[in-house]
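Hydrogens, waters and symmetry mates are skipped; everything else that's a heavy atom, side chains included, is used. Numbers here are sequence positions counted from 1.
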Amino acid sequence: MLDLIVKNGSIVDGSGMPAYSGDIGIKNGRICQIGQITATAKNIVDATGKVVAPGFIDPHTHFDAQLLWDGYAKPSIEHGITTIVPGNCSLSLAPLKPEHRMKLVGMFNQIEEMPIVAFEKGVVWNWQTFEEFVERIRSNLSINVAPLVGHSALRLWVMGDAASERTATADEITQMQGLLRECLDAGAVGMSTSFVDVDEKMQAVPCRYANTEELDGLCAVLGEFGRIVQLVNEFYDADLTVARIDQLAELSLKYNIPTTFSPLFVNNGDFANVDRMIARVEEQSARGARVWAQVQTRPIDISFSFEVPSLLFMRLPSWYRLIRFGTPEEIVAAFNDSDARKKLIAEAAPMGEQWGALILRQVKHAKNQDLVGKTLTQIAELKDSTPLDVMIDLSLEEDLQAHFLSANLGHNDVEKVGELLAHPNVMIGASDGGAHILSFATFGDTGHLLGQFVRKAGLLTLEQAIRKITFETAAIWGIEERGLLQKNYVADITIFDKETIDRGPEYFVQDVPGDGYRYVRDAIGIDTVIIGGEISYQKASGYTDAQCGVVLPGKVA
Ligand SMILES: [Zn+2]
């Protein structure tokens with residue numbers, strides 16, 4: 001008797017070959033039979049009229065902290081994701097000495113906009129090594145986790161405060177190599193590094209102090225295991241990104257490792273630079289280098305209130321200083337002070353149209369409810385004011401809890417983004433799942449891919465899109481025995497309706513430890529998600545308590 005049969009589905013197996021109809025039989029967590037199954041089973045899922053695909057893999061996330069209080073990494077699974085990669089962008093929660101905990105929390109807060117109170121309320125710090133961290137999260141996992149080790153964490157462990165001050169000595173590089181080897185032995189899928197991010201003091205993160213000997217030395221260790229390096233490139237500058245592509249290509253060729261960089265955005269009106277970056281990836285790929293550009297499916301939308309510092313103000317020093325380092329009282333005082341206010345408005349004025357296009361998305365006072373959904377230009381006309389004044393006045397009236405949405409800031413040209421997503425050298429990812437929780441919902445990118453780019457725009461076939469987010473991602477990341485619906489593969493399966501699959505609207509929930517809020521999205525069209533052979537989520541009944549998630553690739557035997 002089988003454990004589970006998925007009946008009558010349209011099987012899109014992840015290989016890219018055309019969909020075919022059939023049943024899938026599962027026993028002991030693995031696919032044991034595909035065809036017309038007559039055997040009996042303890043459980044049957046009817047997939048008539050639905051697509052049966054391998055579970056989706058989300059290769060760029062920051063669920064490191066959330067996994068400590070939520071082994072589902074909600075709401076990933078309900079969007080069809082069965083494997084997540086945390087530890088991106090040089091930041092992982094292990095290895096980590098007790099004296100560096102608050103430093104790392106500060107970096108997660110600054111870079112990934114994770115609230116500090118969530119760490120205080122949600123995290124029991126009972127690990128130091130990577131192996132101990134893996135043990136800790138493994139104890140209640142419903143989703144599969146392929147964790148990267150962060151280069152900044154390695155540096156902090158070996159160099160302490162000097163990690164943020166100088167290059168490493170030859171001896172320190174040797175120590176970091178040994179430490180990385182331990183992490184890979186304990187189950188790390190690779191290492192992440194960054195050339196962009198800043199820490200809680202607005203200084204370069206530790207890994208940015210590394211010289212080429214250090215990065216080379218660490219990639220040599222990755223080579224011993226054939227593991228990947230992920231790198232945050234200078235995404236705002238095409239020349240620097242092209243140079244990083246070359247650097248990654250050399251590392252890939254020298255140490256036989258896969259490499260990936262993210263993000264790569266389509267800036268509207270600047271397609272030439274995107275084409276140039278992709279052409280360079282193609283050239284390097286032709287040399288045999290493995291360099292994968294990671295591209296997100298969703299357009300850039302940023303929401304904010306003045307309660308938390310937003311990325312949107314990063315390039316406006318007076319604003320950013322005020323909202324990053326000021327208390328709510330200081331922000332209110334500055335908005336009420338006519339000189340300070342004048343200065344702020346003058347600094348923001350050159351970005352004029354952007355402010356007018358902001359949409360008021362949420363208020364708490366009844367008197368402003370009618371304004372929700374309007375742009376600041378529209379509200380300014382009603383009030384005989386200017387968009388920036390309206391933004392400040394509404395924030396004051398709402399005790400800084402007026403929420404604004406800046407929609408379609410870029411990466412929203414469907415044709416061009418679709419062309420990129422379909423490109424053979426592009427990995428679909430960069431969701432940033434679990435990060436930036438007060439700026440946008442990092443969920444639903446796969447639904448957006450299958451709804452917007454496959455069904456509506458027809459820029460990828462269903463088989464091609466599924467292959468990209470399952471088999472290809474597994475193959476690039478060295479995640480074995482997953483990503484295909486074939487005999488003996490582990491049964492990670494997502495069943496969905498291709499006529500409706502999509503991402504739902506973004507909304508605010510209060511489910512972060514410490515009564516914190518975050519933006520999430522529901523999925524549309526996902527029917528059933530199976531992880532390690534057990535039903536983990538069904539639309540009709542919600543989550544189960546199955547805990548079949550594992551850490552991948554797992555300990556080196
Ligand atoms: Zn990231």
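- Atoms CD1 and NZ, on I501 and K498 in that order, are 12.0 Å from each other to the nearest 0.5 Å.
- Annotation for K97: atom NZ counts as buried by contact number, over 12 foreign heavy atoms lying within 6.0 Å.
- No more than 12 heavy atoms of other residues, nucleotides or ligands shown are found within 6.0 angstrom of CG on D545.
- Partners of E172 by salt bridge (charged side-chain N to carboxylate O under 4.0 Å, His left out), not counting sequence neighbours, listed by chain and number: R166.
- By the 4.5 Å heavy-atom criterion applied to side chains, V45 and I495 are counted as neighbours.
- More than 12 heavy-atom neighbours from other residues, nucleotides or ligands sit within 6.0 angstrom of CD on E224.
- With sequence neighbours excluded, the residues forming a side chain to side chain contact (heavy atoms under 4.5 Å, CB included) with F471 are R467, A475, L484, listed by chain and number.
- The side-chain tip of R482 does not point at the ring of Y489 from less than 6.0 angstrom away and within 45° of straight on.
- Side-chain contact between L4 and I530 is present, with heavy atoms from C-beta onward closer than 4.5 Å.
- Closest approach of L449 and T297 over heavy atoms only: CB-CG2, 3.8 Å.
- Between C207 atom SG and D197 atom CG the span is 7.5 Å, to the nearest 0.5 Å.
- For the residue pair N233/T241, the side-chain donor-acceptor check at 3.5 Å is satisfied.
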Determine, stepwise, if the pair V85 / F63 fulfils side-chain contact (heavy atoms from CB on, under 4.5 Å).
-> CA-CA 8 Å; V85 178; F63 283 114; over 6 Å; no

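- Under the 3.5 Å distance criterion, with hydrogens and angles disregarded, no donor-acceptor pair is assigned to the side chains of S90 and S194.
- Judged purely by atom type and a 3.5 angstrom limit, D432 has no side-chain atom pairing as donor or acceptor with the backbone of T61.
- More than 12 heavy atoms of other residues, nucleotides or ligands lie within 6.0 Å of NZ in K103, so this atom counts as buried by the packing criterion.
- Using a 4.5 Å heavy-atom threshold, the side chains of H151 and L91 count as separate.
- Side-chain atoms of S285 and N425 include a donor-acceptor pair closer than 3.5 Å.
- The backbone N or O of Q128 sits less than 3.5 Å from a side-chain atom of E132, completing a donor-acceptor pair.
- Distance alone, capped at 3.5 Å, places no donor-acceptor pair between the E200 side chain and the Q110 backbone.
- Checked by atom type and distance alone, the side chain of W127 pairs as donor or acceptor with a backbone atom of L93 at under 3.5 Å.
- Here R208 contributes atom CZ and F195 contributes atom CZ; the two are 9.0 Å apart, rounded to the nearest 0.5 Å.
- Between H60 and H62, the ring-plane angle classifies as perpendicular under the 30° and 60° cut-offs.
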Using the side-chain contact (heavy atoms from CB on, under 4.5 Å) rule, take V189 and F225 through it: C-alpha gap first, then chi angles, then the decisive distance, then the call.
-> CA-CA 9 Å; V189 74; F225 295 74; over 6 Å; no

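- Contact check on K254 versus D216 returns a salt bridge, with a Lys/Arg side-chain nitrogen under 4.0 Å from an Asp/Glu carboxylate oxygen.
- The side-chain contact (heavy atoms from CB on, under 4.5 Å) with F496 is formed by just one residue from the set D527, L450, V12, V52; it is L450.
- With a 4.5 Å cut-off on side-chain heavy atoms, T83 and I479 count as touching.
- Side chains of Q547 and S142: a donor-acceptor N/O pair is absent below 3.5 angstrom, by distance only.
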Determine, stepwise, if the pair D46 / K7 fulfils salt bridge (charged side-chain N to carboxylate O under 4.0 Å, His left out).
-> CA-CA 5 Å; D46 179 12; K7 279 259 182 221; over 6 Å; no

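- For the residue pair S431 and D58, a side-chain donor N or O sits within less than 3.5 Å of a side-chain acceptor on the partner.
- Annotation for E99: atom CD counts as buried by contact number, over 12 foreign heavy atoms lying within 6.0 Å.
- Of the possible polar contacts, none joining the Q538 side chain to the A540 backbone as a donor-acceptor pair under 3.5 Å is found.
- How far NE2 of H423 is from CG of L460: 12.0 Å, rounded to the nearest 0.5 Å.
- Using a 4.5 Å heavy-atom threshold, the side chains of C32 and I26 count as separate.
- Listed for the N144 side chain is a donor-acceptor partner under 3.5 Å among the backbone atoms of V550.
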Verdict with reasoning, E472 to M427, per side-chain contact (heavy atoms from CB on, under 4.5 Å) | CA-CA 8 Å; E472 270 191 23; M427 185 198 314; over 6 Å; no

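- Checking side-chain atoms of S252 against main-chain N and O of R290 turns up a donor-acceptor pair under 3.5 Å.
- Residues L180 and M191 approach most closely at CD2-SD, 4.1 Å, considering heavy atoms.
- Classification of the H79-F443 ring pair by plane angle, with boundaries at 30° and 60°, yields parallel.
- Taking CD from Q464 and CD1 from I428, the interatomic distance works out to 8.0 Å, rounded to the nearest 0.5 Å.
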Let me see the working for I31 and I34 under side-chain contact (heavy atoms from CB on, under 4.5 Å), right down to the final yes or no.
-> CA-CA 8 Å; I31 296 169; I34 300 180; 3.8 Å; yes

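- Side-chain atoms of D23 come within 3.5 Å of backbone N or O of I37 as a donor-acceptor pair.
- In this structure, the ring of Y72 has its center less than 6.0 angstrom from the ring center of Y543.
- Within the 4.5 Å cutoff, no side-chain heavy atoms of T544 are placed close to those of Y537.
- The two residues P553 and G187 have their closest heavy-atom pair at CD-O, 3.5 Å.
- With hydrogens and angles ignored, the 3.5 Å screen pairs no side-chain donor or acceptor of E463 with any backbone N or O of G14.
- Residues D522 and E78 meet the side-chain proximity criterion, which asks for heavy atoms closer than 4.5 Å.
- Taking the charged nitrogens against the carboxylate oxygens, D511 and R518 do have a contact shorter than 4.0 Å, which makes a salt bridge.
- Contact check for C89 versus Q230: side-chain heavy atoms found under the 4.5 Å cut-off.
- Looking at D492, its side chain never comes within 3.5 Å of a backbone N or O of G55 through a donor-acceptor pair.
- Distance check: I493 CD1 to I24 CD1 gives 4.5 Å after rounding to the nearest 0.5 Å.
- Note: F508 and Y517 have parallel aromatic rings, judged against thresholds of 30 and 60 degrees for the angle between ring planes.
- A donor-acceptor contact under 3.5 angstrom links the side chains of S439 and E113, judged on distance only.
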